[in-house]
Amino acid sequence: MAAALARPRNVLPGFGLSLGFTLAYLSLIVLIPLAAVFIKSSGMGLDKFWAAVSSPRVVASYRLSFGMSLLAAAINAVFGLMLAWALVRYSFPGRRIVDSLVDLPFAMPTAVAGIALTALYAQNGWIGQFLEPIGIQVAFTPLGVLVALVFIGLPFVVRTVQPVLEDLDTDIEEAAATLGASRLQAFTRVVIPTLTPALLTGFALAFARAVGEYGSVIFIAGNIPMVSEITPLMIITKLEQYDYAGATAIAAVMLTISFILLLAINALQAWTNRRSGRES
Amino acid sequence: MTATAGGGLLSAANHHASRFEANPATRDPAWIKWLVLTLALGFFVLFLLVPLLAVFVEALRKGWDAYLAAIVEPDTLSAVRLTLIAAAISVPLNLLFGISAAWAIAKFDFRGKHFLITLIDLPFSVSPVIAGLIYVLIFGAQGWFGPWLQAHDIKIIFAVPGIVLATIFVTFPFIARELIPLMQAQGRDEEEAAIVLGASGWQTFWRVTLPNIKWGLIYGVILCNARAMGEFGAVSVVSGHIRGETNTMPLHVEILYNEYQFAAAFAVASLLALLALVTLVVKSYVEWRAAREPIEVNPE
C-alpha cells in the first residue's frame, strides 16, 4: 500500500456503492445484532449480571469448555503438525485423498459428527466396546467433549501449518546440515522456530472454534449438570427457561472472550506472515 | 482466514514431496518417516475416517428399504425443502456481499481497511448459539421489535425468516474471505486498463474481474453452501423445532436421534455427509484447476 502515494487518481468506479453496501450489510446482519447482547446485558444491573455469570453451574461449564478446548487444541497442535509434515514431506499412497479429507470437519455438519462420534464411543460402539473393559468411558463424560472438540479442531492446525511448510525452502535445512547440524538439531533449531507462528495461529483458531462449538458436543457430552455441560449449552438452557437476561449475560462473557481471541489470532497471523515473508 | 484457515486458493501449491525426499539435508531417517506416518495417519483414520464411515454403516443398519423409507418420509422431505430454501437465500446474499466487500477492499485505498476485514471475520469467532440468540434479542417476543412484530402478525423467530437470518450470519464471511486476498493479490491494473480503454464499470466487472476470480468465487460459494445447509446451533436457537414446518435437516437429525430412531437419524445424516463429501470433491477439483491456471500476482 506504500505505492498508493505515487499512484495517480484511482479511475475505477463503484467505490461508494460497494463500500456502502458492505457497511450497511455488515451493520444490519452482524454489528447491530451483536451490539444487542451488550446493550441488553448492560441494562440488567451489575448484581444480576454477576449472579447470572458466576453461578456454580455456569462456572463449572467455563471450566469444562475452556479446559477441554485447550486440551483439544494442544492435541491438534501435535497431531496436526505431524499430519501437515506427512502431507508435505512424504509421498505415500492415498496422500491426495487424505489431503482432501482433512477438511471434512469444515464440511461435515456438526450434528452429523456429533451423532457419529456418540455411536462410535458408546458402550457398544466400534471404539467404545474396546475402551469399556479397560475402564475408560468416553460417551456422556467430559472425555466425550474432548473427542468432539479434537474432531472439529483438526483442520485448523493442518491448514495453517501446511502452506508455511510448503513455502519452506530446502536451502535453510541444507545450510544447517552444511554447518554440521544433525537432522534433529536442524528440526528443533531451524524448522520449528519457522513454524512456531503458524502453529500458534492454528492452535488459537482451533481453541476459539472449540470454545463456541455446540452441535458436535451436545450429543456425546451427556450434558450432566456440573460435570459435562459446555458454556454454549448453558445459554440454550437459560433460553429454554425463558431466562433471556441470564442467557444474554453468559453470551456477553463469551463474546468478550471471542473478541480477545480474534485480536490475538490477528496478531499471530500478522506474525506468521512476517516470519514466512508473505504479504499480509 | 479464520474459518478456512490457511490461504484458501492462494496457497493451493503443487506437491513436491520428492524434492524433500531426494535431498539428504531434508530427508528424514526411515524410522522417523514411518513413525510420523503411522501416528499421523492413525490419528486421521481414528478421528476423521472412522466417524465418516460410521454415518453410512449406521444409516444402512436396517437395510436399504428402511433407509429409503426414512428419506421419503414427509417430515424429512419438508426438512430437506427448508434446508434448500435457507441455502438458496443466504448463499446469493452473501455472494453479493462478498463481491462488493472484495471490490471495495481490493480495488480502493481507504482508512480502516484492516479493521473492516477483522469485522467481516467476526461471525467466525462467535459461537453459533450466540448467532441465534442475537436475533431472538431483536425479533423475539421479548425483543426490541417483538411487540411491533406481534401487533402486525409477523413471525421471524420460531419461523423461516429467523432460520434464514441465522444461516446468513454464520455463513457471512465465507465468500468475502476467499475473494479479498485473491483480488488484492491481482491488483487493479487490468481493470484500470479496461476503464481507460472505454469499458463501463459493469463491463469491466463481467469481462475482466469475474473471469479472474471465478475459481475463488466457486470455492467460496461451495464452502458457504456446505455450512449453510449443515448449520445446527444457530438455527436450533431460532427454529422452535416444529416438525414439518421449521425443521432443517440437521435439526431433523437431532429430533430423530432423540426419539431413538437411530437408523432414520443416520439416514438423514448420511445425506448431509454426502453433501460434505461432494463439497470436498468440488473443492479439490477447484484447487487443482486454480493451480493449473496460476494467478497472476501483481508485484506491487
Side-chain angles (χ1 to χ4, degrees), chain A residues 3-4 10-15 18-19 21-22 25-26 29-30 33-34 36-37 40 79 82-83 85-86 89-91 98 100-101 103-104 107-112 115-117 119-120 150-151 156 159-160 163 166 170 173-174 177 205 208 212 214-215 232 235-236 244 251 254 258 262 266, chain B residues 5-7 11 13 17 20 23 25-26 33 36-37 39-40 43-44 47-48 51 54-55 58 97 100-101 103-104 107-109 118-119 122-123 125-130 133-134 137-138 142 168-169 172 191-192 195 201 226 230 232-233 250 253-254 257 265 269 272-273 276 279-280 284 300:
Chain A
N10 199 331
V11 296
L12 297 179
F15 178 62
S18 60
L19 189 66
F21 176 71
T22 300
Y25 190 76
L26 177 72
I29 299 286
V30 179
L34 282 179
V37 170
K40 286 258 175 182
F79 286 93
M82 280 199 259
L83 203 47
W85 187 267
R89 292 284 174 118
Y90 306 142
S91 0
V98 172
S100 300
L101 278 179
D103 283 328
L104 185 72
M108 182 111 116
T110 53
V112 177
I115 63 168
L117 291 171
L120 286 174
V150 169
F151 172 85
F156 289 98
R159 293 302 186 221
T160 41
E166 267 162 2
T170 52
E173 283 164 85
E174 277 166 14
L205 285 171
Y214 177 71
I235 297 178
I236 298 261
Y244 288 88
M254 285 197 72
S258 299
L262 184 68
N266 274 353
Chain B
S11 66
F20 297 109
N23 188 332
T26 51
K33 178 181 169 177
V36 171
L37 270 182
L39 287 173
F43 186 75
F44 168 83
F47 276 94
L48 295 183
V55 174
E58 295 287 337
F97 165 72
S100 153
W103 181 266
K107 305 296 179 192
F108 301 93
D109 296 313
T118 306
L119 288 181
L122 255 185
S125 50
V126 171
S127 172
V129 169
I130 296 177
L133 170 76
I134 55 179
L137 294 180
I138 293 180
Q142 319 209 352
I168 291 177
F169 183 95
F172 182 86
E191 281 86 359
E192 280 170 350
I195 295 286
F232 176 74
V253 169
E254 183 196 23
Y257 189 86
L272 289 166
T279 302
L280 294 184
S284 299
E300 195 170 315

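The chains referred to below are lettered A, B, ... by the order of the sequence lines, with proteins before strands, and numbering in each begins at 1.
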Contact leader toward chain B among [options], where contacts are heavy-atom pairs under 4.5 Å:
options: I29(A), I115(A), I236(A); value: I115(A)
options: P109(A), A119(A), G14(A); value: P109(A)
options: A177(A), A208(A), A111(A); value: A111(A)
options: F151(A), F21(A), F79(A); value: F79(A)

Requested in this report: Check whether any side-chain N or O of D103(A) sits under 3.5 Å from a backbone N or O of L280(B) as a donor-acceptor pair, and report yes or no.
Outcome: no

**Report entry** Pairwise distance CG(L19(A)) to CH2(W103(B)) - rounded to 0.5 angstrom
**Finding:** 13.5 Å

Report task. Give, for atom CD1 of I168(B) and atom OH of Y25(A), the distance between the pair rounded to the nearest 0.5 Å. Result -> 4.5 Å

Specify the closest pair of heavy atoms between [X] and [Y], including all atoms of both residues, with the distance to one decimal.
X: L137(B); Y: K40(A); answer: O-CE, 3.7 Å
X: V112(A); Y: A273(B); answer: CG1-CB, 4.5 Å
X: K33(B); Y: S91(A); answer: NZ-O, 3.9 Å

Check whether [X] gets within reach of chain A through its side chain, its backbone, both or neither, counting any heavy atom under 4.5 Å.
X: E191(B); value: both
X: I195(B); value: side chain
X: L272(B); value: both
X: F172(B); value: side chain
X: F97(B); value: both
X: L48(B); value: both

Report task. Would you please test I130(B) and I235(A) for side chain to side chain contact (heavy atoms under 4.5 Å, CB included) and show each step? Result -> CA-CA 8 Å; I130(B) 296 177; I235(A) 297 178; 3.9 Å; yes

Query - Flag for S258(A)-S125(B): side-chain donor and acceptor within less than 3.5 Å - result: no

Report summary line: Sequence neighbours excluded, the answer for side-chain hydrogen bond (donor to acceptor under 3.5 Å, both in side chains) partners of T118(B) is N266(A)

Report task. Go through the steps for M254(A) and V126(B) under the test side chain to side chain contact (heavy atoms under 4.5 Å, CB included), then give the verdict. Result -> CA-CA 8 Å; M254(A) 285 197 72; V126(B) 171; over 6 Å; no

Report task. Fit a plane to each ring of F232(B) and Y214(A), take the angle between them on a 0 to 90° scale, and name the class: parallel (under 30°), tilted (30 to 60°) or perpendicular (over 60°). Result -> parallel

Requested in this report: Using a cut-off of under 4.5 Å on heavy-atom pairs, state which of A226(B), G201(B), A269(B) scores highest against chain A.
Outcome: A269(B)

Report task. Decide yes or no on side chain to side chain contact (heavy atoms under 4.5 Å, CB included) for V55(B) and M108(A), but give the supporting numbers first. Result -> CA-CA 11 Å; V55(B) 174; M108(A) 182 111 116; 4.3 Å; yes

Report summary line: Hits for ring pair (Phe, Tyr, Trp, His ring centres under 6.0 Å) against F169(B), two or more places apart or cross-chain, chain-then-number order -> none

